[in-house]
Amino acid sequence: MSSSTRAAGSGLRSYLAAHPLASYAVRRIGLYLVELWGAVTVAFFFFRMIPGDPIQTFIQTLQQNYVYNTQASAEVIARYRSEFGLDGNIFSQYFHYMYKVLVEQDLGPSLLNYPTPAQDVIMRALPWTVGLLGLSAVLAWVFGLLAGALAGWRRGRPGADLVTNLSIALSHVPYYFLALILTFIFAYQLAWLPARSAYDARLSPGFTPEFIVSLLRYGLLPSLSIVVIGVFSWLLSTRMLMVPVLGEDYLTYAQAKGLRPRRILTRYALRNCYLPQVTAFGISLGFIFNGNVLVEQLFNYPGLGATLVNAIQILDFNTILGVTNLAIFAVLTANLILDLLLPLLDPRVKYWR
């Protein structure tokens, strides 16, 4: 190692030692890169171990669609295996896949819509998932945080206790079960809202008033099934954090100073509750597909959840890994951003080592 390299390394260590926040950011980014690589690697080997031959399934599908009954030759099968990255042993497939993704930025063709690239299939479904699941998750977190803070602040009162008991009873109801109830009531009994699809099939997608109204109308039921359960869950966790805070000395001192209850709630009590909830929200993004995949299937919503289910049925590894890695990247990146924002929300972060 040259003297200039050693000097640069020593200078960087001195800088990080003198700047705790910079050291904290570097450690978080380094851990993020390791976690990202590890999660992508585990996902690759996990899905590769699923039994079945996607190429044979693909060829059978082609024969059925094109009424082609002649047995596929070995050359055709070998070409398809090479095109889909399935030739060679599993380790050579892994290195080939990582090279394609990192260097060429290509996921390969999708079995769902051959020869369309898998990234194109995913990008067509991504806006629907972001619009439905992402917006619903944010709304559930905001309303749940505010409702939980009020329920904890007004604990012991009939209204707050009623909301808390109702949340305990309904917070563990699966999204899809509530979706079935809402569909039965509002779609089939009252006929107020449509039961399936993302918009009226008679309309063409675009930024027109008719399409936007149709989009909101068709997305109301699946969004409600996610928001309602999410609000109850966030309400309980926020209330659990709020109640112990109310007995702290600094709140008693604030009351003795004559501060208004509204100011004490928003500036003192709630501020110490939303910090853990911000981190929890970033973690919860990792579970956004769990019950919501079934919601998309139930409402025939063309999002990533439905795309993932269809890809798993035919072992479309390129699309499966594309959706999975996109979810991994989104979750880890969201957590990294939250971690880097924590010093702005909590000054105590600068003392963490």
Quiz prompt | Nearest heavy-atom neighbours spanning Trp128 and Pro302 | solution = CD1-O, 3.3 Å
Quiz item: Among the clusters formed by ILVMFWY side chains lying less than 4.5 Å apart, do Tyr97 and Phe91 turn up in the same one?
Solution: yes
Quiz item: Taking Thr129 for the side chain and Leu304 for the main chain, is one N or O donor matched with an acceptor at less than 3.5 Å?
Solution: yes
Quiz item: When the ring centroid of Tyr94 is compared with that of Phe44, is the distance short of 6.0 Å?
Solution: yes
Practice problem: Can you establish whether the number of heavy atoms outside Met123 located under 6.0 Å from its atom CE is more than 12? | Solution: no
Quiz prompt | Reported CG-to-CG distance for the pair Leu182 and Leu224, which is rounded to 0.5 angstrom | solution = 6.0 Å
Practice problem: Without swapping roles, check the side chain of Gln119 against the backbone of Leu107 for a donor-acceptor pair under 3.5 Å. | Solution: yes
Quiz item: If only atom types and distance count, is the side chain of Ser237 paired as donor or acceptor with the main-chain N or O of Trp234 below 3.5 Å?
Solution: yes
Quiz item: Short question: side chain of Ser214, backbone of Glu210 - any donor-acceptor pair under 3.5 Å?
Solution: no
Exercise. Examine Ile229 and Leu139 and state if one hydrophobic cluster contains both, with Ile, Leu, Val, Met, Phe, Trp and Tyr joined whenever side-chain heavy atoms are less than 4.5 Å apart.
Key: no
Quiz item: Is atom CZ of Phe45 surrounded by more than 12 heavy atoms (other residues, nucleotides or ligands) closer than 6.0 Å?
Solution: yes
Quiz item: Quick one: CH2 on Trp141 to OG on Ser136, what's the gap to the nearest 0.5 Å?
Solution: 15.5 Å
Quiz prompt | Heavy-atom check, side chain of Leu150 versus side chain of Val163, under 4.5 Å | solution = no
Quiz prompt | Verify same cluster id: Leu216, Leu221 (apolar side-chain graph, 4.5 Å) | solution = no
Quiz item: side chain to side chain contact (heavy atoms under 4.5 Å, CB included) between Thr238 and Leu146: does it pass, once the steps are laid out?
Solution: CA-CA 8 Å; Thr238 304; Leu146 297 177; over 6 Å; no
Quiz item: So which heavy atom on Asp316 is nearest to which on Pro109, and how close?
Solution: OD1-O, 4.3 Å
Quiz item: Looking just at side-chain N and O atoms, do Asn318 and Ser110 make a donor-acceptor pair shorter than 3.5 Å?
Solution: no
Self-check item: Sidechain-backbone polar pair: Arg48 side chain, Gln93 backbone, donor-acceptor under 3.5 Å
Solution: no
Quiz item: Distance-only, no hydrogens or angles: does the Ser225 side chain make a donor-acceptor pair with backbone N or O of Pro222 under 3.5 Å?
Solution: yes
Exercise. Give, for atom OG1 of Thr333 and atom CG of Leu36, the distance between the pair rounded to the nearest 0.5 Å.
Key: 7.0 Å
Practice problem: Locate the shortest heavy-atom distance separating Met98 from Val40; write the atom from each residue and the value. | Solution: SD-CG1, 4.2 Å
Exercise. Could you grab the distance from atom CZ of Phe47 to atom CG of Leu321, nearest 0.5 Å is fine?
Key: 6.5 Å
Practice problem: Apply side chain to side chain contact (heavy atoms under 4.5 Å, CB included) to the pair Leu236 and Arg239, showing each step before the final yes or no. | Solution: CA-CA 5 Å; Leu236 286 179; Arg239 184 186 183 278; 5.6 Å; no
Quiz item: Should Ile328 and Glu35 count as side-chain neighbours, where that means a heavy-atom distance under 4.5 Å?
Solution: no
Quiz item: Near Phe143 CZ, under 6.0 Å, is it more than 12 heavy atoms from other residues, nucleotides or ligands?
Solution: no
Quiz item: Do the side chains of Trp37 and Phe46 join up, straight or via other hydrophobic residues, at under 4.5 Å, putting them in one cluster?
Solution: yes
Quiz item: Do you reckon Ile90 sits in the same ILVMFWY cluster as Val101, going by side-chain contacts under 4.5 Å, direct or chained?
Solution: yes
Practice problem: Report the distance from atom CD1 of Ile320 to atom CG of Asn325, rounding to the nearest 0.5 Å. | Solution: 11.5 Å
Quiz item: When rounded to the nearest 0.5 angstrom, what distance separates CZ in Arg124 from OG1 in Thr116?
Solution: 5.5 Å
Quiz item: Does a donor on one side chain sit under 3.5 Å from an acceptor on the other, for Thr183 and Tyr188?
Solution: no
